[in-house]
Amino acid sequence: MRADVPTPPEPGPCRSEQRRLSVLVLGDLVVDEHWVTGIERSPTASRRGLSHSHALHALNTTVDTLSGAGLTASVLARAGLNPDGSGTPLCEVHAIGVWHPSDQRVLRAMMIPQNTQGRSPYKVSWPFTEYNLDYIHLHNLAPFINDAESPYATTTVIRVYERTANDGVRLQKRIDWELHPHAEVNGSPSWIKAETDLEKLLKPIGSGQVPLPEIVDAIIIKDLVKGVVTEKMIEWLVNVYGEKRIEGRPIPWFISSKAFKPGWLKKLHNQHVQLLVIPPVAAQEAARRNETSSSWCVAQGVPSPHALELLESQDRKLQKLFPPGQDRLVLALPVPERTCVIAKSCEGKSEPWLLVQPDYALQPPRVGVPMASVLFGALVALTIKHRDRTHRENLDIALDFTKKWMEHQSMRIESPDGWKPEEEPVVPLDVAPPNPSRLRRDEWHLAVKTWKQAYSFISRGIIEHGGLKQIELWRAMTDVDRYVSLTKSKRSAIRSLGLLLDRYKECTDERPLSAMLLARPGSGKTYLMSKLAAQHGFDFLSFNVAQMLQKSDLFDAFDTIVSTRAAQLHPEKPTLVFFDEINVELESSPVYTVFLDPIDCSTYRRAGKAFHIPRCLWVFAGTGIDESRRETKGSDFKSRLTLGPINFDAESDDADSDDAKLERIYLGVSMLKQEFPEVRFVSKKVLEAFAHLKP
């Protein structure tokens with residue numbers, strides 16, 4: 001052999017042109033059924049119950065679809081195909097989960113939407129053509145659950161929609177057919193016990209079964225916190241694949257979990273986590289945990305400091321798992337059923353970037369459809385196909401595909417009789433990224449620095465950039481649009497009220513919810529509640545007891561609530577009713593007793609007759625509740641409140657604290673702009689004066 005001829009490399013587990021890409025998807029596979037109904041008026045029906053509906057589906061329409069890990073796997077399985085199912089798939093898909101063994105063949109077929117055509121309760125069974133599925137493999141963990149007292153099943157979610165008077169569709173009810181895992185591991189549900197022999201997944205265990213591949217090009221975790229993704233499963237996957245390499249690189253992991261801080265994440269030590277997605281449920285969980293803020297994004301489409309802190313904390317975890325210098329993307333989807341994204345992108349040793357698509361302010365979709373599982377699958381497919389592209393480029397294409405997918409999926413509910421599953425979009429692998437990008441990109445460290453300046457009393461909130469000094473008012477309005485709040489008491493109160501508003505919209509109980517806000521007169525409570533109502537999609541009705549002369553004026557207010565609700569064009573839209581100065585006495589006595597029945601059972605009595613008040617969210621404000629005298633009914637009123645009293649002006653918030661003084665600076669600038677809009681410059685001495693104004 002000539003010395004100048006290089007020796008060919010030793011064969012190894014490297015990807016070659018002959019080997020098809022292979023991915024492994026671990027997670028909770030769920031079947032979704034979407035039923036669209038109308039009111040049934042048949043005079044011959046018996047046992048009607050509280051309501052009677054009929055399906056608006058035609059004979060050949062489809063109600064079944066996959067969600068969760070099943071939907072992510074389906075998106076990956078169809079990547080590279082043509083809409084009609086022809087073409088060459090990007091990768092071989094191996095999905096691990098728990099379902100009823102008799103559903104194996106059907107679930108595998110459902111990975112291709114064409115196979116679901118005509119699947120509806122009009123037929124107990126339905127014929128389907130199994131398209132080429134030789135690259136899709138399902139690995140059921142159910143045979144490994146050797147506990148006769150813990151049966152397993154295919155989790156199914158039925159969503160019942162109702163056609164509304166304005167030709168819209170609203171989600172009426174959700175029914176979960178789900179068996180819960182038999183075990184708890186570190187407080188989390190788990191199907192698999194520690195002694196389970198997972199090695200059987202590497203060997204054929206029955207007729208028609210295939211083993212897991214010896215090497216995969218990506219490991220995808222889609223965790224709905226239903227017991228499939230556990231520390232035991234992650235440890236086993238790390239033992240099997242953790243040391244293997246593809247073309248000299250470690251196998252990348254792509255993760256999405258509804259738990260903001262999944263306990264199993266720490267088991268991925270020395271593994272390359274290339275993508276971590278925080279879906280809406282996890283993002284909302286993170287917001288609820290925060291003590292002062294519940295906002296990920298402010299009105300200008302800029303991530304709040306709270307959002308940057310959360311992304312930074314998750315990125316630090318990934319840095320601990322794997323040495324620095326590796327590509328990784330931490331992506332948050334803070335708004336349910338919207339394609340708003342906030343991400344921290346790290347590529348090699350270059351400085352990190354902040355990526356934002358702030359479409360949360362756009363008109364919400366008429367019908368809510370999933371998007372996190374779809375975007376996740378699309379982004380994984382594009383990343384493993386185009387490793388040479390930036391995160392921004394792949395994310396651009398994935399977001400565009402997800403919007404198209406959501407538009408198609410919403411028609412399943414809006415026009416069920418004409419919807420066709422075979423028209424579902426396919427991830428476009430060969431399109432070029434849009435130019436210019438739809439994603440705004442900023443330097444991560446500059447974004448963090450700017451927020452620190454805006455929240456620093458030392459700098460008086462002045463932001464210095466490129467030689468320009470300015471105060472940006474919206475940076476003090478991260479909790480509620482156009483409302484300045486920086487002190488802990490205000491932000492904590494706003495957070496509590498915001499969670500109550502979200503709870504009201506999610507609750508199907510007809511009983512009203514109520515809250516009490518403690519604050520001094522003139523502290524801007526009415527303005528706050530109006531902005532908070534608008535931000536959460538509520539109609540707003542406001543009354544001030546101090547402007548009333550007698551108790552009959554309160555009953556007039558109740559009449560106004562009833563008539564206003566009856567005249568609403570969209571009766572499904574919630575209403576927030578706000579009563580200020582609840583401490584004022586009318587006719588020499590407190591007014592608490594007048595509100596007992598309205599907030600307890602949605603009724604009030606006038607002239608001896610009972611009247612019903614449509615369900616509302618009640619919020620009261622005052623300086624306190626008089627419980628010293630039993631006859632005032634103050635204690636009864638307090639006991640019937642859902643939430644309260646909430647201290648809006650907590651004495652623990654020192655008026656001389658930096659946060660309080662900085663808040664007064666922002667308030668002063670806000671009032672200055674409102675009264676003198678022509679003013680463009682302000683001196684630092686004026687800001688000092690604002691800081692020392694009395695609260």
Side-chain angles (χ1 to χ4, degrees), residues 255 260-261 265 272-278 282-283 286-287 290 292-293 295-334 340-358 360 379 383 389-396 399 433 436-479 486 658-659 662 665-666:
I255 295 172
F260 180 66
K261 295 181 178 180
L265 192 61
H272 180 202
V273 179
Q274 190 165 355
L275 172 65
L276 176 62
V277 173
I278 306 170
N290 188 268
T292 60
S293 174
S295 174
W296 276 80
C297 216
V298 297
Q300 282 70 18
V302 176
S304 68
H306 167 69
L308 299 186
E309 290 171 6
L310 291 174
L311 290 178
E312 185 68 40
S313 68
Q314 296 295 71
D315 185 53
R316 282 197 295 268
K317 291 180 183 178
L318 301 190
Q319 293 180 51
K320 292 179 181 179
L321 295 175
F322 204 79
Q326 295 291 330
D327 288 356
R328 61 187 184 277
L329 180 68
V330 182
L331 174 70
L333 309 171
C340 169
V341 299
I342 306 171
K344 182 180 181 182
S345 170
C346 300
E347 297 174 352
K349 297 181 179 180
S350 60
E351 290 297 316
W353 293 99
L354 171 64
L355 304 178
V356 181
Q357 176 171 287
Y360 72 101
L379 190 52
T383 301
R389 287 181 180 172
T390 65
H391 293 147
R392 188 188 191 190
E393 291 172 330
N394 285 327
L395 185 55
D396 250 321
L399 285 167
S437 171
R438 302 180 187 92
L439 289 160
R440 189 177 67 245
R441 186 177 71 167
D442 299 310
E443 296 180 25
W444 178 267
H445 296 302
L446 180 59
V448 172
K449 177 183 176 182
T450 301
W451 275 114
K452 287 182 178 179
Q453 290 178 334
Y455 278 12
S456 169
F457 176 67
I458 295 176
S459 67
R460 304 303 188 258
I462 299 172
I463 297 171
E464 298 187 35
H465 182 62
L468 180 66
K469 297 181 179 181
Q470 60 185 356
I471 288 183
E472 297 178 337
L473 277 175
W474 55 267
R475 292 188 182 272
M477 303 172 179
T478 59
D479 298 294
L486 290 179
D658 286 350
D659 285 344
L662 185 60
I665 289 176
Y666 277 108

Between Trp296 and Ala332 the two heavy atoms that sit nearest each other are CZ3-CB, 3.5 Å

Backbone N or O of Thr383 within a donor-acceptor pair of the Arg389 side chain at under 3.5 Å?
-> no

Under 3.5 Å, is there a donor-acceptor pair between the side chain of Ser459 and the main chain of Gln453?
-> yes

For Tyr455, which residues count as a ring-ring contact (aromatic ring centres under 6.0 Å, His included) partner, sequence neighbours excluded?
-> Trp451

Take Gln314 and Glu312 through the test side chain to side chain donor-acceptor pair (under 3.5 Å) and record every step on the way to the result.
-> CA-CA 5 Å; Gln314 296 295 71; Glu312 185 68 40; over 6 Å; no

Do NZ/NE/NH1/NH2 and the carboxylate oxygens of Asp315 and Lys317 come within less than 4.0 Å?
-> no

Check: Leu275 main-chain N/O paired with His391 side-chain donor or acceptor under 3.5 Å = no

Do Leu379 and Leu329 come close enough that some side-chain heavy atom pair is under 4.5 Å?
-> yes

Please round to the nearest 0.5 Å and tell me the distance separating atom CD1 of Ile342 and atom CD1 of Ile278.
-> 9.5 Å

Side-chain H-bond candidate by donor/acceptor type, Glu347 with Trp353, under 3.5 Å = no

With Asp659, which residues qualify under salt bridge (Lys or Arg N to Asp or Glu O under 4.0 Å), at least two apart?
-> none

Residue pairs involving residues 443-466 (criterion salt bridge (Lys or Arg N to Asp or Glu O under 4.0 Å); sequence neighbours excluded) | Arg460-Glu688

If only atom types and distance count, is the side chain of Thr478 paired as donor or acceptor with the main-chain N or O of Arg475 below 3.5 Å?
-> no

For His445, does the NE2 atom have more than 12 heavy-atom neighbours from other residues, nucleotides or ligands under 6.0 Å away?
-> yes

Crowded around Ile458 CD1? As in, over 12 foreign heavy atoms under 6.0 Å?
-> no

Side chains of Leu276 and Leu331 in contact at under 4.5 Å (non-hydrogen atoms) | no

